[in-house]
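These notes concern the structure reproduced below.
For clarity, every value in this text was computed on a predicted model and none was experimentally measured. Within every chain, numbering begins at 1; the chains are lettered A, B, ... in the order of the sequence lines, protein sequences first and strands thereafter.
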Number of protein chains: 2
Amino acid sequence: MRSHSHTANAVTAQSEAYSPCENCNVAGMSLCHALSCEELRELSAISTSLEVGRGVTIINETDPAEYLFNVTAGSVKLFKLLPDGRRQMTGFLFPGDFLGIAMNDLYAYSAEALEDSRLCRFPREKLEGLLNRLPQLEHRLLNMVSHELVLAQDQMLLLGRKTAVEKVSSFLISLVKRAGKPSTERQLVALPMGRSDIGDYLGLTTETVSRTLTNLKKQKIIAIPSGGGIEILDQESLDELAEGLD
Amino acid sequence: MRSHSHTANAVTAQSEAYSPCENCNVAGMSLCHALSCEELRELSAISTSLEVGRGVTIINETDPAEYLFNVTAGSVKLFKLLPDGRRQMTGFLFPGDFLGIAMNDLYAYSAEALEDSRLCRFPREKLEGLLNRLPQLEHRLLNMVSHELVLAQDQMLLLGRKTAVEKVSSFLISLVKRAGKPSTERQLVALPMGRSDIGDYLGLTTETVSRTLTNLKKQKIIAIPSGGGIEILDQESLDELAEGLD
DNA sequence: GCGTCATATTGACCTACATCAAAGACACAC
DNA sequence: GTGTGTCTTTGATGTAGGTCAATATGACGC
């Protein structure tokens, strides 16, 4: 399971009986959060649990949007492409996040697993039927999409107006926040994505990401342990760098 | 009513009796679209119509998010600022669009009228109460926010990966689309915003926007009539430039 | 151990766009 | 008409980050 672009056919589906929503271990942010037992059971009935290996394509931009997904384990990257191959990441997803937003019934982006991951899959049509009967669910979804939109606007500010250091610092900080920080100094944050994924997320090249990280390392603001991931040594300086305060 | 930053106090409020939703002339995309008469009346009961002059600040980033708004006439710009004053436009709004998305009950961006405009204002608390009773309304809102999110992702691709010509071309095309094109050749599109607003929307400087426009003019792809606005002379070339196909 | 492959880092050079600066082009007041 | 303020255009020059190219590092298989 090493190569770069399998199709969604390669996913492994399990029936909902095997892995029902009741046993779902996703913390607080998932689609199913804040539903009653009865509602959970209804949602469970239309969902399927999927395992996807690292590098597997989950959805393809401009394919018909048949499903919505909820990440339950692992991580996923979302991206859009220009005809000549230039790529823009639109997000990295972790357990609890959803994907499958569409435009005219076509997916608005492609999605690929960053590592071996598990997803919960909902047929769009059936889910929309459920939405009409479970206002709690629709409410939840509205909150999640609104939250996404706010993050997207932050990202526009980053892409349009921040410098390379500011971009990389902001990115590291957002990862720390996502990880639900125990707020100790010397925070270690996992980086399941490669430098070029980060570059395509920040509107930079691989090389610039690399150079910027080694600069931060030289300033003792971060450390780059050989096991992968990044250690935040000086959160305060990083916060200032991210907003251009220096 | 000429200067640059009045506060929201300067807006003129009218009671809902004066300008109720029933008389609202906004086409098809507004919040209130697709509601029954009964529902419209409920919505009308909590809404207030506002007139704001050009340059007036409607909401301020990080202020408590007390209201949601729906643009019914004119146009509005949304933006975020960095501490040192760098600005990123997150959107231009026209009749039918809404604003007031929040994060932790604080507005996620500032909004200012581009020209004399009219808005429909809803107290957030009351609107959320309504949402629980009017699933149609919540459904509508979910669709609008999802649509916004898709556009935001397109904008990320633009900001992170497109060149200046591609950005400006994409921008002009999106304006044509928004205007609901009668699809004649020689399309005239209004530009209520200045060059520097456009620059801050596209992640460019005023000068680069200006230079790029005069280049397009020299290539006979657009014309810049002295009355303001821009005339699209060669839509096809513009489409190709926008996607980097040349 | 060694070889292979993928990804990351570092260096030398280049360019698209920013910055700085100066001149037009309007609009409005008087 | 003339003056004033704002916005746009054009030109000259600078630079952050891109591009091209050469190592370096690490993971895995044998």
Side-chain angles (χ1 to χ4, degrees), chain A residues 1-5 54-55 77 82 84-88 114-116 158-169 171 191-218 222-230 241 244 246, chain B residues 1-5 53-55 77 82 84-88 114-115 158-169 171 191-218 222-230 241 244 246:
Chain A
M1 201 58 88
R2 312 277 321 295
S3 80
H4 226 255
S5 264
R54 178 177 129 87
K77 64 184 179 194
L82 284 170
D84 66 359
R86 277 173 288 169
R87 188 176 65 159
Q88 177 66 43
L114 280 168
E115 51 190 324
D116 294 354
L158 178 148
L159 290 169
R161 287 303 181 213
K162 288 190 179 179
T163 65
V165 211
E166 290 163 2
K167 285 175 174 181
V168 172
S169 305
F171 173 65
L191 280 190
M193 69 294 286
R195 298 287 185 270
S196 100
D197 288 338
I198 298 175
D200 285 346
Y201 183 62
L202 301 177
L204 300 171
T205 57
T206 310
E207 295 92 325
T208 300
V209 172
S210 183
R211 278 187 249 272
T212 307
L213 286 173
T214 66
N215 280 348
L216 291 175
K217 187 172 69 179
K218 281 176 189 155
I222 63 171
I224 308 183
S226 60
I230 291 216
L241 284 178
D246 37 22
Chain B
M1 199 61 87
R2 311 276 324 297
S3 78
H4 226 256
S5 264
R54 178 176 130 88
K77 63 184 178 193
L82 284 170
D84 65 0
R86 277 174 288 170
R87 187 176 66 157
Q88 177 65 43
L114 280 167
E115 52 192 321
L158 179 147
L159 289 169
R161 288 303 181 212
K162 288 191 178 178
T163 66
V165 211
E166 290 164 2
K167 285 175 173 181
V168 171
S169 304
F171 174 65
L191 281 189
M193 69 293 288
R195 298 285 186 270
S196 99
D197 288 338
I198 299 175
D200 284 345
Y201 183 62
L202 301 177
L204 299 171
T205 57
T206 312
E207 293 94 325
T208 300
V209 172
S210 181
R211 278 186 249 271
T212 306
L213 285 173
T214 67
N215 280 347
L216 291 175
K217 187 172 69 180
K218 280 177 190 158
I222 63 171
I224 308 182
S226 62
I230 292 219
L241 283 178
D246 36 21

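Residue-level contact check: A/Gly203 touches the backbone only, with heavy atoms under 4.0 Å from sugar-phosphate atoms and none from bases. Residue contacts for B/Ser210: at a heavy-atom cut-off of 4.0 Å it reaches a base atom on one of the strands shown. B/Gly227 comes within 4.0 angstrom of no nucleic acid atom, judged by non-hydrogen atoms across all strands. Across all strands, A/Thr214 comes closer than 4.0 Å only to sugar-phosphate atoms, never to a base (heavy-atom distances). Within the 4.0 angstrom heavy-atom criterion, only backbone atoms of the sugar-phosphate kind lie near A/Leu204; the bases stay farther away.
Rounded to whole angstrom, the span from the CG atom of B/Leu202 across to the P atom of C/dA16 amounts to 18 Å. The interatomic distance linking A/Asp197 (CG) with C/dA6 (C1') rounds to 13 Å, in whole Å. Taking atom CZ on B/Arg87 and atom C1' on C/dA18, their separation rounds to 17 Å, with Å as the unit. Atom P of nucleotide C/dA8 and atom CD1 of A/Ile230 are separated by 11 Å, given to the nearest angstrom. Atom CG of A/Leu216 is separated from atom P of C/dT10 by 13 Å (rounded to the nearest Å). In this structure, B/Leu213 places its CG atom 14 Å from C1' of D/dC7, rounding to the nearest Å. When the C1' atom of D/dT6 is taken as reference, atom CZ of B/Arg195 falls 14 Å away, rounded to whole Å. Whole-Å rounding puts the A/Asp200 CG to C/dT7 P distance at 13 Å.
Both A/Lys162 and A/Glu207 sit near DNA chain D, but only A/Lys162 has its closest nucleotide nearer the 5' end. Nearest-nucleotide positions on DNA chain C place B/Ala164 closer to the 5' end than the other of B/Ser226 and B/Ala164.
Between D/dG18 and A/Thr205, a contact under 4.0 Å exists linking OP1 or OP2 to a side-chain N or O.
Contact record, B/Phe171 with B/Leu191: CE2-CD2, 4.2 Å, taken as the closest heavy-atom pair. Minimum interatomic distance between A/Ser196 and A/Thr206 (heavy atoms only, all atoms of both residues): CB-OG1, 3.3 Å.
Using a 4.0 Å cut-off between a side-chain N of Lys or Arg and a carboxylate O of Asp or Glu, A/Arg86 and B/Glu166 qualify as a salt bridge. For B/Asp200 and B/Arg195, the salt-bridge test fails: no basic side-chain N is under 4.0 Å from an acidic carboxylate O. Taking 4.0 Å as the cut-off between side-chain N and carboxylate O, A/Asp197 and A/Arg87 count as a salt-bridged pair.
For A/Arg211, whose side chain is taken as the heavy atoms from C-beta onward, the closest listed nucleotide among D/dG17, D/dT9, C/dA12 is C/dA12. Comparing atom distances between the B/Thr208 side chain and each of D/dT9, D/dG26, C/dC17 picks out C/dC17 as nearest.
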